[in-house]
2 protein chains.
Amino acid sequence: MKTRESFVPVYFQLAEDLKEKILAGELKPGDALPSETQLGEQYGISKMTVRNGLRLLAQEGLIESFRGKGSFVAHPNLSELILNLAGHGSENPQDYDSKLLAINVIAAEDGVALRLQIKPGTKLIQFRRLLLIDGEPVAVENRYLTYQRGKPLVEQEIKYADFPEAVARHTGIITEGNQVTISAVSLHQPEAELLETSSGIPALKVEQLVYGRQNTPLGLSIMICHGEKYHLIASTRSFFG
Amino acid sequence: MKTRESFVPVYFQLAEDLKEKILAGELKPGDALPSETQLGEQYGISKMTVRNGLRLLAQEGLIESFRGKGSFVAHPNLSELILNLAGHGSENPQDYDSKLLAINVIAAEDGVALRLQIKPGTKLIQFRRLLLIDGEPVAVENRYLTYQRGKPLVEQEIKYADFPEAVARHTGIITEGNQVTISAVSLHQPEAELLETSSGIPALKVEQLVYGRQNTPLGLSIMICHGEKYHLIASTRSFFG
DNA sequence: CAGTGGTCTAGACCACGCC
DNA sequence: GCGTGGTCTAGACCACTGC
């Protein structure tokens with residue numbers, strides 16, 4: 001603290017200071033922090049500024065606050081991970097490419113209809129893509145979108161956009177939810193051919209359901225990935241940004 | 001607004017109000033919001049209260065603010081997913097059980113040593129667990145922890161704790177990062193036996209690396225999951241908490 | 001009851017973007 | 001220069017917890 005002359009905001013310095021104490025073990029999980037009023041007096045800053053700093057720590061999951069009781073050092077819990085689907089786990093996004101295989105208007109088959117909560121046979125837009133890394137095919141993706149009258153899909157959208165973003169552009173509705181299911185399957189013949197490998201080898205199946213308001217399913221993406229060539233990577237944000 | 005008599009905080013009402021406008025399409029991605037001062041006048045509240053409300057929207061990724069320019073409706077982007085590893089994707093956590101197979105002190109083999117950034121042959125604590133759902137074995141997990149003098153591992157910790165939490169308790173260091181890699185593999189004979197199935201069928205391989213400060217790897221968990229019995233599910237937080 | 005966090009105000013000054 | 005968001009203050013009142 002004290003260094004009021006710094007360019008770093010005071011509430012940020014307070015947060016760093018407390019964070020140091022927590023990470024060094026001076027404040028252990030479950031311990032109570034000084035009250036906001038006390039912290040304000042200690043550091044010579046106003047309560048609102050203290051709260052601003054504590055909010056940072058709470059956002060990082062380092063502390064928890066309870067009205068009427070106090071603020072406490074949280075128990076470590078890093079089981080929430082951020083899975084970045086846009087990057088698909090590679091550090092070299094420039095090596096990515098995708099090839100559009102087909103766009104069709106189809107009648108929904110039972111499995112897809114179930115997931116999209118529509119009647120089997122309803123018209124859907126389907127498009128198939130091949131994902132390439134370094135020119136090598138690594139995954140086949142099938143996307144299904146609920147059909148919207150007078151909303152033609154532009155190829156560019158499909159090629160470059162994120163799936164939720166593409167759904168949002170097509171339906172004109174901001175997507176609100178997203179559920180991904182990951183499982184392991186054996187590669188079937190049609191996909192194996194596209195991936196230039198043999199059928200039967202292990203593959204990752206990544207299903208992504210995009211929801212709009214009122215939990216209405218708007219789109220479904222099913223991606224079959226070559227198990228050896230393709231990995232999904234997720235990481236927590238580090239406490240040190 | 002107006003309903004100042006409500007129990008809902010004013011800043012929350014402001015956030016809901018703007019959120020409605022955004023989700024209804026009244027404010028489109030890229031549009032500028034009224035300035036904080038203007039919003040304060042419109043709603044008859046102070047600037048700090050306005051900022052409190054805008055902070056909520058920013059946290060949800062609905063708006064972005066730029067000093068000197070203004071606040072703008074963000075472009076939808078739901079490609080970041082929260083993967084909850086503690087729950088392992090089931091809605092019925094009560095059906096979970098785990099069986100400890102073995103705890104050993106071993107010398108690190110090359111693959112593990114590489115990931116933990118230690119010299120091959122260094123002493124490690126290894127423990128193997130079997131994960132059961134409804135009494136059925138669905139996954140085998142191998143955990144490796146860097147050996148800490150005078151820090152015996154308690155069986156309870158292993159059985160119930162989250163991996164990052166277990167690491168934190170054992171090392172006495174708060175874990176700071178977490179990286180998970182998911183890939184598809186073929187089930188090998190030893191795991192197949194434990195999972196009471198045949199080798200060669202597809203399986204999910206989930207590797208979790210836990211880091212401490214200065215990006216020091218503290219622990220490694222390798223989980224082999226039955227591809228058909230086990231799915232990983234991730235979802236975005238909905239805008240409507 | 002006293003102490004806590006949660007909300008809110010009406011000002012102030014600053015750093016930045018833009019004209 | 002003016003308008004913007006970002007920081008900060010010194011108060012106030014409320015809702016809640018726990019004694």
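The chains referred to below are lettered A, B, ... by the order of the sequence lines, with proteins before strands, and numbering in each begins at 1. Note that the coordinates shown come from a computational prediction; the quantities given were computed from them, not determined experimentally.
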Does the side chain of [X] reach to within under 4.5 Å of the side chain of [Y], using non-hydrogen atoms?
X	Y	result
B/Leu14	B/Thr49	no
A/Tyr43	A/Asp17	yes
A/Ile63	A/Ile22	yes

Taking atom [atom2] of [N] as reference, at what distance in whole Å does atom [atom1] of [X] sit?
X	N	atom1	atom2	result
A/Glu41	D/dG11	CD	C1'	14 Å
A/Ile45	D/dG11	CD1	P	16 Å
B/Leu14	C/dT9	CG	P	11 Å
B/Glu64	D/dG6	CD	C1'	16 Å
A/Phe66	D/dA15	CZ	C1'	16 Å
A/Leu56	D/dT7	CG	C1'	13 Å
A/Arg55	C/dG5	CZ	C1'	15 Å
A/Phe72	C/dG5	CZ	C1'	11 Å

- [ ] Would you indicate what B/Gln38 reaches in the nucleic acid, counting non-hydrogen atoms under 4.0 angstrom: base, sugar-phosphate, or nothing?
- [x]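 Sugar-phosphate only.
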
Open item on the list: For DNA chain D, which residues of residues 46-54 of chain B approach it to below 4.0 angstrom with any heavy atom?
Closed with: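 Only B/Lys47, B/Met48, B/Arg51 qualify.
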
Between [atom1] of [X] and [atom2] of [Y], what distance do you get to the nearest 0.5 Å?
X	Y	atom1	atom2	answer
B/Glu26	B/Leu18	CD	CG	10.0 Å
A/Gln126	A/Leu101	CD	CG	10.0 Å
A/Asn52	A/Ile45	CG	CD1	9.5 Å

With respect to the side chain of [X], which nucleotide from [options] is positioned closest?
X	options	answer
A/Arg67	C/dC8, D/dC16, D/dC8	D/dC16
B/Tyr11	C/dC8, D/dT7, C/dG6	C/dC8
A/Lys69	D/dT17, D/dT4, D/dG6	D/dT17

Open item on the list: Less than 4.0 angstrom between a side-chain N/O of A/Ser71 and OP1 or OP2 of C/dG5, yes or no?
Closed with: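 Checking C/dG5 against A/Ser71, a side-chain N or O does come within under 4.0 Å of OP1 or OP2.
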
Open item on the list: With side-chain hydrogen bond (donor to acceptor under 3.5 Å, both in side chains) as the criterion, how do A/Ser221 and A/Glu141 come out once you've worked through the C-alpha distance, each side chain's angles and the decisive distance to 0.1 Å?
Closed with: CA-CA 7 Å; A/Ser221 155; A/Glu141 188 187 19; 2.6 Å; yes

